[in-house]
Engineer: 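A single structure is presented below for examination.
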Amino acid sequence: MTELRVRFAPSPTGYLHVGGARTALYNWLYARRHAGTVILRIEDTDADRSKPELTQAILDSLEWLGLDWDEGPYYQSERLELYRARASQLERQGHAYPCFCPPDELQKKRQTAEAAHRAWKYDGTCRDLSEPDRARRRAQGRPWALRFRTPESGRTAFDDLVFGRIELENSEIEDFVLLRSDGQPTYHLSVVADDLDLRITHVIRGADHLSNTPKQILMYHALSSSQPVFAHLPLILGPDKQRLSKRHGATSVGAYRDQGILPEALMNFLALLGWAPPGGKEIVSPEEMVEQFDLAAASKSNAVFDPEKLAWMNSEYLRRMPLEALLPRVRGELEISGLWSSAFSGSERQRFEDSVRLLQTRARTLKDFSESGRAFFTDDFPYELEARRKFWKESRLADWLRDLAQRLSNLSSFDLEQTEKCLRDLAEEKGIRAGVLINAARVGLTGQAVAPGLFEVMRALGRERTVRRLERAAAALAPSAPDRA
RNA sequence: GGCGCUAUCGUCUAGGGGUUAGGACGUCAGAUUCUCAAUCUGAAAACCCGGGUUCGAUUCCCGGUAGCGCUACCA
């Protein structure tokens, strides 16, 4: 039994987008499932659109997702001799021929045909040129491209691992270009040459290549070589059912990273876009995926990318994550947003951990720690307008909060029970509902109407900071305070 | 236009000749009360249409429709 070899072949003409990431993931899962080899190949034969820095960005995204590879990256731009060798082999054997048709002329013919609603296929002008004719044209220095000589009859079929049997009349396939007039290989040539050279056994790629596959199979035949097994993956669409693109907002893996999405959550989400494990579980670890992954069970229809579900899944991962694992991630987020203080790993370590634990259950993304959780990591936070409007209506609140601060500072122990009793006693004495005080205090401590339970917030902040913030809030609440709502 | 592929709740999907068509996200309502999230309970929500095969099609076949893809000297 020959070794199973798959490849992921991104083109560095953009960042790694979620569709590409899912293709990479499915390749990876399939290979890991069957003890195969993952090969990474960079398809950079389009010199105009390919950018080296994008290659690095793609590599970074793959690594971030936790998708590793065993061989490569191979760069197609460094393998041109291979493609030319294959090209001349095909030409020598009569499976390819030089075409001298000027591109603009072909363009014109194509447009004419289109205008007349006629199907257009390369008309074969140069297909049967005699050798002397060819020699003459070459002598004239006319530029030429190399075209594949497609059989004019018969049909090409293959069994796709996800789509099943696909059949196409050869007459539908035109004599496509293998080598451009500048000597650069086209995609069809380079993929086949590379997949052959790298001994790829399974080609797993986007369904946008489904229609190209017969062309490539014809090339395998012409090179009298066996063809790999093909598996095409349905496309990922935006909410409007159009192919996912910049229009839809974030499409790149990096954009989700920047939004505070965890790589394990994105991986899980992408895996379930087009495949479901036998048990129907939603949260699936990479180990479980590898164990259960099956291309034959993959969906055949396109899938809409739903950011809402991703967000939910991310919150699940956040919530289930052990604190020790979460801490460094939050630290990273705080560093990015300028909220990190070295004290959090020193004197204030306990407070830092308490805060993270408190925020953990309600966080949807890592961004929530630095945004809605801001007040836990810095004294520099605003009192939100909405919060003041909602909970700072009562005029005597300033006095009450001052009283509360006073009493809290005299508490024998600053724990959950005592602080709560302290506040409720005060509320009772003043003849108000505890909620009034609780909500007002929450705004004072966090600046927000929405935050974790008040007494837990107090504990996470510590007595000193709690008292100080309550007094500050009282001052902000006083009629004389300039920034009163 | 030609060719190819696809079609189960709004979305991701399970299922499959006889099912109350299952789950998840989202939505709505209720419980909880300290705001929100979480949690719990409940609800609304789907087999694209038409033929055929069959005792019986959502499931199998054909046609239609729709969507997507390919139709480059892009990948």
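Convention: sequence-line order gives letters A, B, ...; per-chain numbering from 1.
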Engineer: Are any protein N/O atoms closer than 3.5 Å to N/O atoms in nucleotides 60-70 of chain B? If there are, list each pair with its distance.
Structural biologist:
unit_1 : atom_1 : unit_2   : atom_2 : d
B/C68  : OP1    : A/Gln242 : OE1    : 3.4
B/C68  : OP1    : A/Gln242 : NE2    : 2.4
B/C68  : O2'    : A/Asn302 : ND2    : 3.0
B/G69  : N2     : A/Ser211 : OG     : 3.4
B/C70  : OP1    : A/Arg243 : NH1    : 3.4

Engineer: Hey, does A/Gly453 reach any base, or is it just sugar-phosphate, or nothing, if we go heavy atoms under 4.0 Å?
Structural biologist: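 Base: the residue A/Gly453, judged by heavy atoms under 4.0 Å, touches a nucleobase.
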
Engineer: Do the ring planes of A/Tyr383 and A/Phe381 sit parallel (below 30°), tilted (30 to 60°) or perpendicular (above 60°)?
Structural biologist: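 Ring orientation, 0 to 90° scale: perpendicular.
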
Engineer: For A/Ser181, answer base if it contacts any base atom (sugar-phosphate contacts may also be present), sugar-phosphate if it contacts only those atoms, and nothing otherwise; contact means non-hydrogen atoms under 4.0 Å.
Structural biologist: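 Base, at least one base heavy atom under 4.0 Å.
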
Engineer: The side chain of A/Tyr187 lies closest to which of these nucleotides: B/A24, B/U13, B/A75?
Structural biologist: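 That would be B/A75.
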
Engineer: Base, sugar-phosphate alone, or nothing: which one does A/Glu282 contact when heavy atoms must sit under 4.0 Å apart?
Structural biologist: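 Base contact.
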
Engineer: Mind checking if A/Gly274 touches a base, just sugar-phosphate, or nothing, with heavy atoms under 4.0 Å?
Structural biologist: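 The answer is sugar-phosphate, as A/Gly274 gets under 4.0 Å only of primed atoms, P, OP1 or OP2.
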
Engineer: With a non-hydrogen cut-off below 4.0 angstrom, is A/Glu174 in contact with a base, only sugar-phosphate, or nothing?
Structural biologist: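 Sugar-phosphate contact only - A/Glu174 comes under 4.0 Å of backbone atoms but never of a base.
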
Engineer: For nucleotides B/G63 and B/G69, find the distance between their P atoms and express it as a whole number of Å.
Structural biologist: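 Per the computed distance, 23 Å lies between those P atoms.
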
Engineer: Below 3.5 Å between N/O atoms, which protein atoms pair up with nucleotides 39-44 of chain B? Just atom names and distances, please.
Structural biologist:
none

Engineer: Going by purine N1 to pyrimidine N3 plus the second Watson-Crick contact, or the G-U wobble pair, all under 3.5 Å, which nucleotide sits opposite B/C68?
Structural biologist: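 Partner of B/C68: B/G4.
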
Engineer: Could you give the distance separating B/C3 and B/A44 at their C1' atoms, to the nearest angstrom?
Structural biologist: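 That atom pair is separated by 42 Å.
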
Engineer: Roughly, in whole Å, what's the span from CZ in A/Arg205 to P in B/A75?
Structural biologist: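 Atom-to-atom, A/Arg205 to B/A75, this comes out as 13 Å.
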
Engineer: Can you tell me the pairing partner of B/G50 across any strand shown, Watson-Crick or G-U wobble, with both distances under 3.5 angstrom?
Structural biologist: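 Here B/G50 is engaged in a pair, and the nucleotide opposite it is B/C62.
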
Engineer: A/Asn268 CG to B/A24 C1': how many Å, rounded?
Structural biologist: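 Computing the A/Asn268:CG to B/A24:C1' distance gives 12 Å.
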
Engineer: Taking the C1' atom of each, how far is B/G30 from B/G22, in whole Å?
Structural biologist: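 Between the two C1' atoms, the distance is 24 Å.
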
Engineer: Starting at CG of A/Leu423 and ending at C1' of B/U33, how long is that distance when rounded to a whole Å?
Structural biologist: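 About 14 Å, once rounded to whole Å.
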
Engineer: Look at all strands and tell whether A/Leu178 reaches a base, only sugar-phosphate, or nothing, counting heavy atoms closer than 4.0 Å.
Structural biologist: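 The residue A/Leu178 makes no contact with any strand.
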
Engineer: Looking only at side-chain atoms of A/Ser301, point me to the closest of B/A7, B/U35, B/A75.
Structural biologist: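 Among the listed nucleotides, the one closest to the side chain of A/Ser301 is B/A7.
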
Engineer: What is the nucleic acid contact for A/Phe455, judged by heavy atoms within less than 4.0 Å: base, sugar-phosphate only, or nothing?
Structural biologist: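 Here A/Phe455 touches the bases of the nucleic acid.
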
Engineer: For A/Ala303, which contact category applies under a 4.0 Å heavy-atom criterion: base, sugar-phosphate, or nothing?
Structural biologist: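 Sugar-phosphate only.
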
Engineer: Give none if B/A37 has no partner; otherwise give the nucleotide forming a Watson-Crick or G-U wobble pair with it, both distances under 3.5 Å.
Structural biologist: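 The base-pairing partner of B/A37, which may sit in any strand shown, does not exist here.
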
Engineer: By nearest nucleotide on RNA chain B, pick out whichever of A/Phe163 and A/Pro143 is the more 5' one.
Structural biologist: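 Final value for this comparison: A/Phe163.
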
Engineer: Give a yes or no on whether the ring-centroid distance for A/Phe305 and A/Phe269 is below 6.0 angstrom.
Structural biologist: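 Yes, the ring of A/Phe305 comes within the 6.0 Å limit of the ring of A/Phe269, centre to centre.
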
Engineer: Please give the nucleotide sitting opposite B/C73 as a Watson-Crick or G-U wobble pair, both distances under 3.5 Å, or none.
Structural biologist: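 Partner of B/C73: none found under 3.5 Å.
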
Engineer: For A/Arg389 and B/U35, what is the distance between atoms CZ and C1' respectively, to the nearest whole Å?
Structural biologist: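 Value for this atom pair: 17 Å.
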
Engineer: Sort out the partner of B/C28 for me: Watson-Crick or G-U wobble, both distances under 3.5 Å, none otherwise.
Structural biologist: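 Matched B/C28 with B/G42 under the 3.5 Å cut-off.
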
